[in-house]
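Take a look at the structure set out below.
Read the numbers this way: they start at 1 and go in the same order the structure lists the ligands and their atoms. By convention here, the first residue in the shown sequence is residue 1.
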Amino acid sequence: MCGIVGAVRAGGSRNDVIRGLKLIQYRGYDSAGLCLKEKRDLQIFKAKGVIEKLDEKVPASLATVAIGHTRWATHGQVCEKNAHPIEGGNREWAVVHNGIIENYRTMTDELSGEGVVFKTDTDTEVIAALLALNNFSDPVRNIAWAIKKLQGSYAFCAVKKEEDNVIYAARFKSPLYAFYSGDVAMIASDPVCFPKGDYFKLEDGEICKLSQEKIEFFDASGEPIEKEASPYKKINYIAGKGEFEHFMLKEIYETPDAIRRLAINFMNLDFAKLNKLKFDKVKLIGCGTAYHSCLIGASFMRSFLRVEAEALQASEFRYGSFPISRRTLAIFVSQSGETADTIAALEKAKKKGAKTICLTNVLHSSLAEEGEMVLPISAGPEIAVASTKAYSCQVAALYMLTMALKGEKHFYKSIKQVQDLSRTLKSLFINMSEFAADICQKEKVFFIGKGDDYVTALEGALKLKEISYINCNAYPAGELKHGVLALIENKTPVIVIATDEKVYDKTMNSALEAKSRGAKLYLISNKPPKACELESFEMCLSLPSSPQPLRNILAILPLQLLSYNVSVLRGIDPDKPRNLAKSVTVE
Ligand code: M6R
């Protein structure tokens, strides 16, 4: 997955594209590139790393046309050669692409047979080569001809050396938006790149031509079509880091306000629509952190609605065989709303007749566009790759949704509980530096818990591993003796989460079994430690009181702070960990 931006502006479009690229770095940031089209010349600049590095390389320019790209490598290593724009023919076309061309190997062989010499390891070069293969009088024909040959997903924009002041673009299964005001025409993977105003959403198979004078749309065969602008939707524009050194820390600190805002926004819930949903099974579907919130959501639904509910990873759901019927309620959770697997899972559930609800933080996202009922997570922009405040908002939203499905009285009680939680959370901004210093030299860390605490363990482990690169694993406390204990050595850290009275003693027993094998224990629980616990644990953190279902949100906050501190101590940028991107828009 990658981000693309293109702009046509008299007087220079370089800065429009660089600014746009900086706003969509969440789509990948391992390398970047930009093509300035000045008269009949394509000037291409590339840099490994973040957009700031590219910005330093690209000179000030009056070029009317520019296209740019921020990359998350799928095909070919991270290097300047494989960074986009990719050239086609004899520098006749330059292309930036997001998606995966699934038949690129076959196409590469075919085109090599016709004499095309490939210079990169990317699947994108097939698009560039196809565009350069013919010289139709109207370049829209080149695009229509090329896309017929492509399988997989793509959003691309392309410039042709011989064409003045024009950008061509097309999409299939990867988002692409276009914008036109008298001053500037733009194309991008996310409308956040555009000035405020109405924009167009390209549909699968559509082609777009942007020039200074106008914006035109064509179907997949190159025939002109009329398109209505999507009404302008409020976009959460990204603010800076403020007083914080990193977005991740800022976002953790924003959790209480986000939770409060969420409770207010949930008051607008459409009860009439909700009550019409008749179901006897619930599937909650997401990826990564969103999947963890689905695990908690499923637990809420089983406990409070007494309904069969299970959480599934979208990547598994989309190819697995899971019984779905008209009596299934399928709930999709995604911060970005652009996760390819989650979108594909939604399409599958809809085809099978399930009733669907989407919970997302981005109300102009693809998931929000396709969802039958869309509920906001209301976390505000989340820039750091590690999802923090969005996770807490997802869990709170799933709690209020569960209560709404139970009945109005329960719903309003849950709103009040979530509002109270927002205040309680503030007391958890504690100094984790000592704990972090203890953990930061370790090679492996274990997280254990039972029931919902096991989900907190899973999320705590994911957070720490993705931004510290320490091997972290979470297990249900009762599972240790079934294999995991073999991995416990002298001073292996085991972080124990125990916030559920019903199974508190059971969790303690498992923790002490690990201690007997040399583990160093750290405790996060909902009550002050007993004297014997103080002896056994290196550190005991007791959480402020809150209703049991919401304790997961309290317990995760110190673990997020711990991960942040460990990441910084290890000299890693927690906002942009290696090999990851904020939004996973490819399969
Ligand atoms: O945007 P989404 O919520 O759909 O993203 C899902 C996952 O990719 C995401 O939660 C990922 O696991 C985070 N990096 C975890 O911090």
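Summary of contacts: the protein heavy atom closest to atom 8 (O) of ligand 1 is Val584 CG2, 3.9 Å. Counting only heavy atoms of the protein, atom 7 (C) of ligand 1 lies nearest to Cys287 O, 3.5 Å. Residue, atom and distance of the protein heavy atom nearest to atom 1 (O) of ligand 1 are Ser336 OG, 2.6 Å. The single protein non-hydrogen atom nearest to atom 3 (O) of ligand 1 is Gln335 N, 2.7 Å, given as residue, atom name and distance. Closest to atom 11 (C) of ligand 1, if we only count protein heavy atoms, is Thr289 N, 4.1 Å.
For the residue pair Thr360 and Gln335, no side-chain donor N or O sits within less than 3.5 Å of a side-chain acceptor on the partner. Between the side chains of Asn431 and Ser433, a donor-acceptor pair is found at a separation under 3.5 Å.
Those atoms of ligand 1 with a heavy atom of Gly288 less than 4.0 angstrom away are 12 (O). Each of the atoms 3 (O), 10 (O) of ligand 1 lies under 4.0 Å from some heavy atom of Ala290. Those atoms of ligand 1 with a heavy atom of Ala386 less than 4.0 angstrom away are 16 (O). Less than 4.0 angstrom separates some heavy atom of Lys463 from each of these atoms of ligand 1: 15 (C), 16 (O). For ligand 1, the atoms closer than 4.0 angstrom to any heavy atom of Glu466 are 13 (C), 14 (N), 15 (C), 16 (O).
Using the six-membered ring where Trp is involved, Tyr253 and Phe244 have ring planes that are tilted, between 30° and 60° apart. Between His97 and His84, the angle of the ring planes stays under 30°, which puts this pair in the parallel group of the 30/60° scheme.
Among residues two or more places apart in sequence or in another chain, the ring-ring contact (aromatic ring centres under 6.0 Å, His included) test is passed with Phe266 by none. For Ala461, the side-chain contact (heavy atoms from CB on, under 4.5 Å) test picks out Phe447, Cys472, Ala474, with sequence neighbours left out.
With a 6.0 Å radius and a threshold of 12 heavy atoms from other residues, nucleotides or ligands, Glu308 has its CD atom at or below the threshold.
Polar contact with ligand 1: absent for Gln394 (N/O pair, distance under 3.5 Å). Checked by distance only, ligand 1 and Val385 come closer than 3.5 Å through their nitrogen or oxygen atoms. No N or O atom of Lys582 sits closer than 3.5 Å to an N or O atom of ligand 1. Ligand 1 has a nitrogen or oxygen under 3.5 angstrom from a nitrogen or oxygen of Thr339.
Seen from the ring of Tyr469, Arg578 counts as a face-on cation partner, given the 6.0 Å and 45° thresholds. A cation-pi geometry, defined here as NZ or CZ lying under 6.0 Å from the six-membered ring centre and within 45° of its normal, holds between Lys348 and Phe317.
Salt bridge Glu254/Lys250: present, at least one basic N to carboxylate O contact under 4.0 Å.
Using a non-hydrogen distance threshold of 4.0 Å, Ser583 does not register as a contact of ligand 1.
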